[in-house]
Amino acid sequence: MMTFEKIKQEIIADPMNESYTKMGIPPLFKASVDARIVIVGQAPGRKAEATQLFWNDLSGDRLREWMGVSRETFYNTDRIAHLPMDFYYPGKAKNGDVPPRKGFAEKWHPCLLDEMPNIETIILIGSYAQKYYLNKRLEKSLTETVRNFQKYLPEYFPLVHPSPLNLGWLKKNSWFEMDVLPVLKEIVDKNL
């Protein structure tokens with residue numbers, strides 16, 4: 001059994017992360033043997049990396065609201081783990097951020113998840129997390145995958161990204177707030 005600190009040191013020493021390590025940027029993730037929920041998003045944003053707090057922005061505020069948890073609980077409980085698809089901010093693209101690096105989650109998620117035996121549900125936020133974890137089980141679109149969230153439970157819970165840029169999607173898909181969020185809150189509450 002590997003310890004989380006040992007895995008973290010291996011991530012820091014990995015040549016794939018050399019440029020971040022040289023700049024003194026540590027990998028941003030949280031794992032705990034007591035975790036029951038894992039949140040898998042895209043990658044830390046610029047603000048998250050600078051403050052070393054995942055989901056430390058308006059998207060995080062909305063995600064906590066969706067989950068029905070306070071900021072304090074979100075950051076301080078060992079029951080919630082955070083494993084983005086990449087543990088480093090990938091940089092800015094023309095529209096949004098650069099995608100997480102290929103091969104990163106494949107390399108580090110399995111060894112971290114192996115150390116968290118009590119996981120009940122992995123919350124998959126956005127298309128990168130859903131493609132990696134659901135693979136051939138995906139519906140034809142992210143919207144349809146999220147609409148059919150029940151078929152992935154209890155192991156996975158697919159969500160749209162809580163970004164303010166998705167306000168239009170949320171308005172068009174009122175079923176999300178009525179049908180999906182109450183179940184999400186119930187699962188989170190049961191596992192805290």
Side-chain angles (χ1 to χ4, degrees), residues 1-64 67 69 71-117 119 122-135 142 156-166:
M1 214 161 162
M2 298 181 84
T3 66
F4 297 120
E5 186 55 37
K6 184 174 186 298
I7 296 170
K8 181 178 180 181
Q9 292 310 314
E10 289 179 7
I11 294 167
I12 290 168
D14 188 328
M16 180 183 207
N17 307 318
E18 184 177 13
S19 63
Y20 296 100
T21 301
K22 280 183 176 175
M23 290 187 286
I25 300 169
L28 188 54
F29 71 97
K30 180 182 176 187
S32 164
V33 73
D34 296 323
R36 298 183 59 102
I37 295 169
V38 177
I39 298 172
V40 179
Q42 182 170 326
R46 187 177 309 168
K47 185 176 179 186
E49 186 165 87
T51 60
Q52 283 297 290
L53 280 178
F54 24 77
W55 297 101
N56 188 22
D57 54 17
L58 293 174
S59 297
D61 293 343
R62 179 169 285 120
L63 176 60
R64 288 183 282 277
M67 294 173 68
V69 297
R71 185 177 173 89
E72 182 181 348
T73 298
F74 187 78
Y75 288 116
N76 295 329
T77 184
D78 282 338
R79 296 289 184 113
I80 300 174
H82 300 268
L83 299 181
M85 292 298 291
D86 194 330
F87 300 164
Y88 298 92
Y89 172 60
K92 204 82 184 135
K94 200 174 201 175
N95 296 317
D97 292 335
V98 171
R101 293 172 293 167
K102 289 186 186 317
F104 189 93
E106 292 85 344
K107 186 170 191 176
W108 298 109
H109 282 204
C111 61
L112 287 161
L113 289 169
D114 283 349
E115 301 298 318
M116 295 189 278
I119 298 300
I122 299 175
I123 298 172
L124 304 172
I125 299 174
S127 62
Y128 294 108
Q130 290 168 23
K131 283 177 188 163
Y132 175 69
Y133 279 93
L134 301 179
N135 198 350
L142 183 132
Y156 299 113
F157 201 120
L159 291 177
V160 66
H161 197 286
S163 167
L165 300 175
N166 281 338

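It should be emphasised that the depicted structure is a prediction, and the values quoted were computed from it without experimental measurement.
Rounded to the nearest 0.5 angstrom, H82 NE2 and L112 CG are separated by 13.5 Å. One finds the NZ atom of K6 at 10.0 Å from the CD atom of E115 (value rounded to the nearest 0.5 Å). For the atom pair CG (L28) and NZ (K8), the distance works out to 9.0 Å, reported to the nearest 0.5 Å. Note that CE of M116 is 8.0 Å distant from CD1 of I122, once rounded to the nearest 0.5 Å. With rounding to the nearest 0.5 Å, the separation of CG in D34 from CZ in R79 is 6.5 Å.
In this structure, the side chain of T77 does not engage the main chain of T73 through any donor-acceptor pair within 3.5 Å. Remark: the backbone N or O of G103 is paired with a side-chain donor or acceptor of E106 at under 3.5 angstrom.
In E72, the CD atom is not crowded: 12 or fewer heavy atoms of neighbouring residues, nucleotides or ligands sit closer than 6.0 Å.
Of all heavy-atom pairs between I12 and T21, the closest is O-OG1, 2.8 Å. Residues Q130 and L124 share a closest heavy-atom pair of NE2-O, 3.1 Å. Nearest heavy-atom pair, I7 versus C111, reported as atom, atom and distance to 0.1 Å: CD1-O, 3.9 Å. Nearest heavy-atom pair across D86 and R101 is OD2-NE, 2.7 Å. Residues A35 and I119 come closest through the heavy atom pair O-CD1, 3.4 Å. A pairwise comparison of heavy atoms in I11 and N17 identifies O-ND2, 2.8 Å as the closest pair.
For the pairing with D97, the salt bridge (charged side-chain N to carboxylate O under 4.0 Å, His left out) check across K47, K92, R46 returns one residue only, K92. Shown are Y75, F29, F87, Y89; of these, the ring-ring contact (aromatic ring centres under 6.0 Å, His included) with F54 is made only by Y75.
Remark: Y128 engages no residue in a ring-ring contact (aromatic ring centres under 6.0 Å, His included) (not counting sequence neighbours).
Checking H109 against Y133 by side-chain atom types alone, a donor-acceptor pair falls below 3.5 Å.
Between P100 and P84, every side-chain heavy-atom pair lies at or beyond the 4.5 Å cut-off. Taking 4.5 Å as the limit, some side-chain heavy atom of L113 sits within range of a side-chain heavy atom of L83. Between W55 and P162, the closest side-chain pair of non-hydrogen atoms falls below 4.5 Å. Side-chain contact between M16 and Y88 is absent, with no heavy-atom pair separated by less than 4.5 Å. Considering only heavy atoms from C-beta on, R71 comes within 4.5 Å of D61 through its side chain. Counting heavy atoms from C-beta outward, Y156 and V40 have side chains that stay 4.5 Å or more apart.
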Given side chain to side chain contact (heavy atoms under 4.5 Å, CB included), test M85 with F104 step by step and report yes or no. CA-CA 7 Å; M85 292 298 291; F104 189 93; over 6 Å; no
Criterion side chain to side chain contact (heavy atoms under 4.5 Å, CB included) on M67 and I123, from CA distance to verdict: CA-CA 10 Å; M67 294 173 68; I123 298 172; 4.3 Å; yes
